[in-house]
Amino acid sequence: MTPFVYRRGVLHAEDVDLRDIAAEVGTPLYCYASAGFEESYLGIARAFAGTPSLVCYAMKANSNQAVLATLARLGAGMDVVSEGELRRARAAGVPAEKIVFSGVGKTEGELAYALDQDIMCFNVESEPELEQISAIASAAGRKARISIRVNPDIDANTHAKISTGTYASKFGIPIKEAPRVYEKAGKMPGLLVTGVDMHIGSQITDLAPFDAAAERLVALARHLIQQGHRLEHLDLGGGLGVVYDPHSNIRPPEIATYATTILRHAKSLGLKLVLEPGKLIAANAGLLLTRVIHVKQGAGKTFVIVDAAMNDLVRPTLYDAHHEIVSVFEKAQDALRECVDVVGPVCESGDYLAQGRTMVLPRRGDLLAVMSAGAYGAVQASTYNSRLLVPEVLVKGSSFAVVRPRQSYEDLIGLDRLPDWLT
Ligand SMILES: *Cc1c(COP(=O)(O)O)cnc(C)c1O
């Protein structure tokens with residue numbers, strides 16, 4: 001169920017008219033619907049409710065405090081990939097015992113901070129990292145709970161920039177090395193081995209890679225238990241895809257089907273299951289609202305120039321991602337459609353939100369909604385071209401709140417400092 005629907009011909013976020021938000025906040029802006037995060041989180045939690053499990057939202061997808069607090073209230077844990085994310089999660093009220101820490105390059109300072117916070121688990125990605133964590137924990141007279149991220153050597157059939165589960169990737173350790181590395185970890189003084197972890201990629205729309213990877217992970221866990229490791233949990237990562245293009249016939253698996261597949265392998269192990277969905281929780285809970293600046297007839301091509309750009313939403317440029325773009329004023333089914341490029345004002349030919357898109361030609365001043373922008377949208381925004389960081393708005397029923405105000409030009413310029421010799 002999408003929280004964004006037309007009512008009396010105008011697109012609403014839950015019960016709020018998007019024109020009202022645009023009028024108060026200005027465009028471009030990200031608009032999130034609480035119901036979107038809540039329904040997808042609860043859908044995942046319910047799919048695994050029959051077995052001990054913890055949904056650790058991969059907060060790199062969208063780490064706004066209001067989003068984290070919305071999920072934390074429902075009982076979500078978090079998967080963090082930096083000290084900044086860990087601090088954000090704690091600030092939003094997420095208990096440390098529900099936080100796992102992933103990432104290939106955690107620094108000494110980050111590890112020490114996370115150890116001090118006593119997080120649930122470090123997802124360790126290399127042997128040097130194991131040694132480093134053990135040393136830091138021993139020095140502090142502590143034991144760090146760890147799991148090792150194994151790379152099951154599965155091709156997730158997704159975009160190269162978001163595929164992480166083959167041996168060509170920088171992530172995790174090869175699964176065939178895992179028994180040896182676990183044995184080593186089990187003997188390190190500062191470590192408590194508690195889990196096994198994987199994450200094979202993002203926007204995976206096919207069940208087969210999850211099926212194959214879960215089978216390998218579960219086999220490894222059984223082997224480790226036989227070897228005497230006292231495992232407590234199995235972390236299956238995230239990566240389940242979402243529908244970005246409602247007209248495409250590619251359909252990611254339903255969460256219930258995904259859960260059945262995972263449980264078929266994992267249930268008899270009796271370990272607690274940890275899931276790290278990011279996109280599945282956030283993508284369709286948000287949109288990017290933008291206004292048309294010009295409609296420009298190029299040589300043989302029409303450009304719809306809008307006030308949002310690649311610095312606000314980089315996914316089309318970075319991952320060749322498709323985002324549906326709809327008019328806030330509903331267009332008649334039989335309205336004449338044209339093929340256009342929807343582009344931003346940034347001085348880069350890679351600055352587009354859609355290329356070769358068939359849509360009803362908008363007019364200057366029209367509001368457009370770039371859909372499915374709740375994940376990997378605002379978090380990847382930059383100020384390139386000295387454009388202000390885009391504001392974020394959260395809707396709940398018939399209320400809305402600015403959960404990140406638009407930056408000011410003073411804030412933007414004030415980040416820089418002049419050296420002595422220029423003042
Ligand atoms: C990014 C990431 C996720 C979430 O991926 P989604 O495709 O957003 O579900 C989960 N785990 C790890 C370790 C990640 O890096």
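It should be emphasised that the depicted structure is a prediction, and the values quoted were computed from it without experimental measurement. Ligands are counted one by one from 1 in listed order, and the atoms in each one are counted from 1 as well.
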Going through the distances and angles, do Tyr244 and His323 end up as a ring-ring contact (aromatic ring centres under 6.0 Å, His included)?
CA-CA 6 Å; Tyr244 279 106; His323 285 269; 5.3 Å; yes

Among all protein heavy atoms, pick out the one at the shortest distance from [atom]; state its residue, atom name and that distance to 0.1 Å.
atom	answer
atom 8 (O) of ligand 1	Tyr376 OH, 2.5 Å
atom 10 (C) of ligand 1	Glu276 O, 3.2 Å
atom 3 (C) of ligand 1	His199 CE1, 3.3 Å
atom 7 (O) of ligand 1	Ser202 OG, 2.4 Å

Asp17/Arg7 ion pair, N-O < 4.0 Å
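Answer for the salt bridge query: no.
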
Would Arg145 and Glu97 pass as an ion pair if we require N to O under 4.0 Å?
no

Would you mind listing which atoms of ligand 1 come within a distance below 4.0 Å of any non-hydrogen atom of [X]?
X	result
Gly278	4 (C), 6 (P), 8 (O), 9 (O)
Ser102	13 (C)
Ala58	3 (C), 4 (C), 10 (C)
Lys279	6 (P), 8 (O), 9 (O)
Arg149	13 (C)
Gly238	9 (O), 10 (C)

So is [X] touching ligand 1 or not, going by heavy atoms under 4.0 Å?
X	result
Phe171	no
Gly239	yes
Asp79	yes

Take Leu388 and Leu412, measure what side-chain contact (heavy atoms from CB on, under 4.5 Å) needs, and give me the verdict at the end.
CA-CA 7 Å; Leu388 300 175; Leu412 179 79; 4.0 Å; yes

Salt bridge (Lys or Arg N to Asp or Glu O under 4.0 Å) partner of Glu38, the single match among Arg73, Lys396, Arg46:
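Going through the options one by one, the only one that passes is Lys396.
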
Any nitrogen or oxygen of Lys60, side chain or backbone, less than 3.5 Å from one on ligand 1?
yes

Taking distance alone, with N or O pairs closer than 3.5 Å, would you say Gly201 contacts ligand 1?
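No: no nitrogen or oxygen of Gly201 is under 3.5 Å from one in ligand 1.
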
Determine, for Phe122 and Lys106, whether the Lys NZ or Arg CZ falls below 6.0 Å from the six-membered ring centre while staying within 45 degrees of the axis.
no

Pair Val196, Ser147 - check side-chain contact (heavy atoms from CB on, under 4.5 Å), show working.
CA-CA 5 Å; Val196 186; Ser147 68; 5.6 Å; no

Are the side chains of Phe329 and Asp366 in contact, using a 4.5 Å heavy-atom criterion?
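Not in contact.
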
Is any side-chain heavy atom of Leu11 closer than 4.5 Å to a side-chain heavy atom of Glu330?
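A side-chain contact is absent here, since even the closest heavy-atom pair is not under 4.5 Å.
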
Pair Tyr41 and Tyr57, ring centroids less than 6.0 Å apart:
no

